[in-house]
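Everything on this sheet refers to the single structure shown next.
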Amino acid sequence: MNRLPLRIALVAVIVPFALAAVGVALQLAWLPELPATIATHWGLTGEPDAFGPAWTMPLLLGVLGVVLPAAFGTVLARTVRPEGPTATQKLLAVASLFAVTLLSIAVTVSVAIQRGIEVGTSSPAILPTLGIGIAAALILGAVGWFLMPRATSGASTPDLATPPLPVAPGELVVWVGHARFSTWVVILLCGIFAVATAAVVFVIALRGVWPLAVVPLVLGVSLLGTASWRVRVDAAGLTVRPTLGWPQYRVALGEVASANKTSVVPLGEFGGYGIRWGLGRRLGIITRGGEALEVKRRDGRAVVVTVDDAATAAGLLTALAAR
Amino acid sequence: MLFRLDPASGVPIFDQLAASVRGELARGTLRAGDRLPPAREVATALAINIHTVLRAYQDLRDEGLVDLRRGRGAVVTDNAGLSPELLAAVHDLVAEARRLGVGVGTLTAVLREEYSA
């Protein structure tokens with residue numbers, strides 16, 4: 001595990017933790033002014049629908065204020081590489097800050113408005129609080145994003161240039177490869193899908209929010225649709241196409257600046273699997289770790305696809321681009 | 001999977017396609033259970049007729065190197081890959097032929113002879 005750079009630790013762990021701590025301290029100080037039973041949950045209409053002892057709220061914020069930043073911090077410390085965070089990793093850090101800020105404000109204000117009232121049932125509506133919380137969390141999240149270092153270019157150590165494949169003039173050549181999720185990536189993604197689906201089913205069963213059923217549907221289709229990619233190098237250049245046929249990525253021969261075999265660390269360089277943005281304007285089609293084809297465009301952007309026999313593909317692309 | 005065609009070589013296109021697949025099997029980049037690219041895709045990429053590609057795939061099936069199944073395409077069979085022992089024997093054979101100054105033409109002719117015997 002690496003040591004998390006200070007600015008990322010600030011955004012993902014330290015500030016969220018401090019905010020939650022302030023919230024908990026305020027709520028504990030207010031305990032004498034609160035009724036014994038307070039509103040702890042508000043329905044979709046903004047009216048209170050669940051009640052509990054006054055200490056429930058500081059406990060809730062205390063636990064989540066520690067667990068959430070710790071979880072995000074651990075994931076980031078394990079994956080952020082010395083060169084700097086990827087866009088996905090910055091998003092994770094901001095997600096931690098956003099979630100805990102919103103939670104701290106919402107919970108603390110919902111306790112604050114119940115001071116001095118007789119019983120929790122007469123608690124005022126919560127919706128304005130939520131609005132303030134979301135606005136504050138968005139602003140803090142944006143500040144956090146720009147506080148963190150930029151995703152630096154010059155990603156991994158440059159590999160030795162892959163030699164061009166000898167191609168005779170007039171010879172017709174095509175290379176076709178396959179990028180497919182490895183078994184354990186499939187297990188991981190199925191796990192995520194199962195958890196997400198279970199959560200959605202739970203919420204639907206509890207509250208009847210049927211539109212939520214769209215979530216597992218979209219998630220399932222996008223997982224299946226990007227599980228298998230066909231990669232082609234021919235006179236048209238590089239074409240990367242998923243089973244669904246969309247989204248398709250192309251690099252025309254004229255745009256190819258260089259093509260090389262490289263090696264990919266999915267979590268460290270791209271923050272995960274699937275269609276990914278990585279360090280240094282690299283678009284990744286990442287289905288596993290290890291061998292990959294990296295094609296740099298003349299404008300500095302690059303496409304990285306995890307395929308076997310990448311040296312042949314890179315050599316052919318180099319040879320065709322030079323022809 | 002790399003397909004190479006030299007239209008000027010005089011060798012029929014479908015033979016050259018089949019030879020590309022055999023080459024990949026020998027290199028080990030194609031293994032049992034792997035799927036050959038769809039004939040349509042190869043045909044489009046090389047600007048040749050799809051039936052030429054299908055003809056090559058059928059030849060490979062007749063040799064027992066691939067299975068052709070509707071909907072699944074051409075799948076490399078279990079017995080398509082060359083065993084390491086056979087590859088080692090070929091390596092030794094070629095080394096011995098080189099040592100004795102026997103050219104590839106002569107050696108291939110001897111191999112053909114041996115097969116038809």
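Source: prediction; values computed, not measured. Every chain is numbered from 1, with letters handed out A, B, ... down the list of sequences.
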message: Does atom CZ (Arg323(A)) have a neighbourhood of more than 12 heavy atoms from anything else shown, all under 6.0 Å?
response: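 More than 12 within 6.0 Å, yes.
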- prompt: Is the CZ atom of Arg40(B) crowded by more than 12 outside heavy atoms at less than 6.0 Å?
  reply: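 Atom CZ in Arg40(B) is not crowded, with 12 or fewer foreign heavy atoms closer than 6.0 Å.
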Proximity breakdown for Ala45(B) and chain A, heavy-atom pairs closer than 4.5 Å: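 Contact with chain A is through both the backbone and side chain of Ala45(B).
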message: Does any backbone or side-chain atom of Val167(A) lie under 4.5 Å from a heavy atom of chain B? Answer side chain, backbone, both or neither.
response: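 For Val167(A), the contact with chain B is made by backbone and side chain together.
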query: Can a donor-acceptor pair be found between the side chains of Thr239(A) and Gln248(A) at a distance below 3.5 Å?
result: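 No - no donor-acceptor pair under 3.5 Å links their side chains.
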message: At a heavy-atom distance under 4.5 Å, which candidate from Asp6(B), Asp34(B), Leu46(B) has the highest pair count against chain A?
response: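 Answer, by heavy-atom pair count under 4.5 Å with chain A: Leu46(B).
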query: Is there a donor-acceptor contact under 3.5 Å from the side chain of Thr197(A) to the main chain of Pro216(A)?
result: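 Here the side-chain-to-backbone pair does not exist.
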Partner chain B: residue of Leu165(A), Thr312(A), Val233(A), Leu172(A) with the largest heavy-atom pair count (under 4.5 Å):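 Ranked by contacts with chain B, first place is Leu172(A).
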